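Quantities reported herein were computed from a predicted structural model and do not represent experimental measurements. So that the names make sense, note that chain A is the first sequence line, chain B the second, and so on, each numbered from 1.
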Protein chains: 2
Amino acid sequence: MKSPEVRPRRGSYARGRATKENILRSALDVIGRNGYGATILRDIAVEVGMTQAGLLHHFDTKEKLLAEVLRKRDEVNREILTPSSDLGEPPLIIKLAHHNVEVPGLVQLYVRLQAEAVEPEHPCHEYFLDRDVVIHSRVTRDIERRQKAGLFDPEADAAVVARMLLALSDGLQSQWAIDPTIDLPGTVDALWNKYARPSERPAAENTQPN
Amino acid sequence: MKSPEVRPRRGSYARGRATKENILRSALDVIGRNGYGATILRDIAVEVGMTQAGLLHHFDTKEKLLAEVLRKRDEVNREILTPSSDLGEPPLIIKLAHHNVEVPGLVQLYVRLQAEAVEPEHPCHEYFLDRDVVIHSRVTRDIERRQKAGLFDPEADAAVVARMLLALSDGLQSQWAIDPTIDLPGTVDALWNKYARPSERPAAENTQPN
DNA sequence: GTCTATACTCTGATAGAC
DNA sequence: GTCTATCAGAGTATAGAC
């Protein structure tokens, strides 16, 4: 339940940050456990050991709070989201796909907020725009490095393939959240392997038809 | 505004159907014009020339109504969604991608309801499950025919590639609804062309990086 | 900073007349 | 089948005490 964190002295800037951190982590916990649709502000508040009004003191609105939850999730996942310089490591997008099936509640969170972020005023709109720029360029650069190393189809337009991988990942998450029999990681692997060039290291696992 | 339809005699079964048709078409019109988020039941009712309570006489709840709207859309699109037996024609999924950018409001409708359909009790849940089975098998069979005709990578697992195309299409719609600078049709084309085998007919248009 | 208490707002759902 | 009127409900947002 409530995490027994060290609390800096009251009124301090650090204390405010620490509280926000607690809230965001608790939100990830509850939503991860119960799913997006089943979670209301009060549930998160209870998890933190606070009231709903208390939450909104730190984040003015629910939507802003949720946008921060998404950012926090990326921070938690930074190990996955930061491309390794070791070309023997699987690329970001593959690691992410394999991770996502472990956290269905958070996939729900992502899918549902991405859909709501269609409205330009929604606080998550900006989040998704920002994130796309970052991730797309990381994946593109990773592909380019592999091309130079002879590990990836040299004819491919890295930016276009990166877009394909990101969109495939998003679409599979939506579909998998509705029908978990869909092979999310296997399908991302399959696309990657279509472009990957053989080497002693097997790029990713196999794929089951569906 | 209201479509001047022939009205079968009152009380008849045909009349009830005709009214429903009007409602569904009006819903597609309004949502197509104003987007999903900006549309409430009353707006649709006004378009039909009816009240909100009138609508709900025919469809018990808003969610059920919207599930029918999606089905109606597929019916309207049946020309696109039915694979041609002419292998010179672009495949379903390519035609669909090129069509979608013409109807942003309906892409919003699709994206947002797909996200809400994550909840198993949501009436759209079943719609998306059903549709996926149908479309996935159509695309798979289309690919298999092209493989036999030597127009498509014979090594590819048709079912897996079909899954890739469907998920790519969904993901691109989500992303494009947030950032319209993303090249939705071009990216689907790019994936298709990765598997297509050259012939006298150019399979699809070009692609701009993004 | 956090709580209690309450207001609000939106919109979908319902009851009952015609 | 359609309308008018009214409600219900579900959370979110806010005011103000501590």
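- Look at CE on M50(B): it is 7 Å from C1' on dG1(D), rounded to the nearest Å.
- Take V101(B) and apply the side chain to side chain contact (heavy atoms under 4.5 Å, CB included) test, not counting sequence neighbours, and it matches W176(B), L184(B), P185(B).
- R163(B) contributes no side-chain N or O that, together with a main-chain N or O of H136(B), makes up a donor-acceptor pair within less than 3.5 Å.
- With sequence neighbours left out, the ring-ring contact (aromatic ring centres under 6.0 Å, His included) criterion links Y127(A) to no other residue.
- The interatomic distance linking L66(B) (CG) with dT11(C) (C1') rounds to 13 Å, in whole Å.
- Summarising the geometry, the separation between CG on N22(A) and P on dG1(C) is reported as 13 Å, rounded to the nearest angstrom.
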Each nucleotide of nucleotides 12-18 of chain C classed B (base within 4.0 Å of a protein heavy atom), S (only sugar-phosphate) or -, in 5' to 3' order, makes BBB----
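- Look at H58(A) and you'll find a side-chain N or O under 4.0 angstrom from OP1 or OP2 of dT2(C).
- Legend: residues meeting side chain to side chain contact (heavy atoms under 4.5 Å, CB included) with E63(A), ordered by chain and number and at least two apart, are T61(A), H122(A), P123(A).
- Remark: F128(B) pairs with Y110(B) by the ring-ring contact (aromatic ring centres under 6.0 Å, His included) rule, at least two apart or across chains.
- Spacing between atom NE2 of H57(A) and atom C1' of dG1(C) amounts to 5 Å, rounded to whole angstrom units.
- Put simply, CD on E21(B) is 17 Å from C1' on dG1(D), counting in whole angstrom units.
- Among residues two or more places apart in sequence or in another chain, the ring-ring contact (aromatic ring centres under 6.0 Å, His included) test is passed with F59(A) by none.
- For the pair T51(A) and dC3(C), the criterion of a side-chain N or O lying under 4.0 Å from OP1 or OP2 is met.
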